[in-house]
Amino acid sequence: MPGRENTVPEQRAEFILLASQEGSNGSALCRRFGIRRKTGYQWLKRYDGGSAESLRDRSRRPSGSPRRTPAA
């Protein structure tokens, strides 16, 4: 069986673990993981004191639709 690919939450958890170590280089980690620095800092902010659940993908669906036609 070939090497197992990490799931997205596992990759994010690994990024968080490496980024939280003293002396880590955020830019180099982002290059290593193939993500933008903005994304890396977003993951760090989202995880800050959170759980692994906070690293899952989030829905892009808007929470409201102000121009929606009324049901009636």
Side-chain angles (χ1 to χ4, degrees):
M1 182 165 147
R4 185 174 87 89
E5 293 279 331
N6 287 345
T7 63
V8 173
E10 288 174 349
Q11 289 176 344
R12 291 176 184 169
E14 182 181 0
F15 177 84
I16 298 294
L17 177 69
L18 293 172
S20 64
Q21 293 178 354
E22 184 148 349
S24 65
N25 184 333
S27 296
L29 278 174
C30 290
R31 278 192 301 274
R32 176 179 164 191
F33 281 82
I35 59 174
R36 296 182 308 154
R37 285 192 338 218
K38 182 177 180 180
T39 303
Y41 291 120
Q42 182 181 30
W43 290 354
L44 288 168
K45 182 180 177 184
R46 191 185 295 173
Y47 181 75
D48 190 29
S51 64
E53 189 66 31
S54 63
L55 298 176
R56 290 199 175 290
D57 283 335
R58 293 184 177 180
S59 173
R60 294 173 188 251
R61 182 179 179 186
S63 60
S65 184
R67 294 180 179 219
R68 187 176 188 177
T69 306

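Throughout, numbering of the chain's residues begins at 1 and tracks the sequence. These numbers come from a predicted model, not from an experiment.
With sequence neighbours left out, R37 forms a salt bridge (charged side-chain N to carboxylate O under 4.0 Å, His left out) with no residue at all.
Rounding to the nearest 0.5 angstrom, the gap separating the CD atom in E14 from the CZ atom in R32 is 5.5 Å.
Closest non-hydrogen pair, L18 versus S24, comes out as O-CB, 3.3 Å. The two atoms that bring F33 and Q11 nearest to each other are CE2-O, 3.5 Å, heavy atoms only.
Between C30 and F15 there is a side-chain heavy-atom pair separated by less than 4.5 Å.
Using a distance-only test at 3.5 Å, with no hydrogens or angles considered, a donor-acceptor pair links the side chain of S20 to the main chain of I16.
By the rule that hydrophobic residues join a cluster once side-chain heavy atoms approach within less than 4.5 Å of another member, Y41 and I35 end up as members of one cluster.
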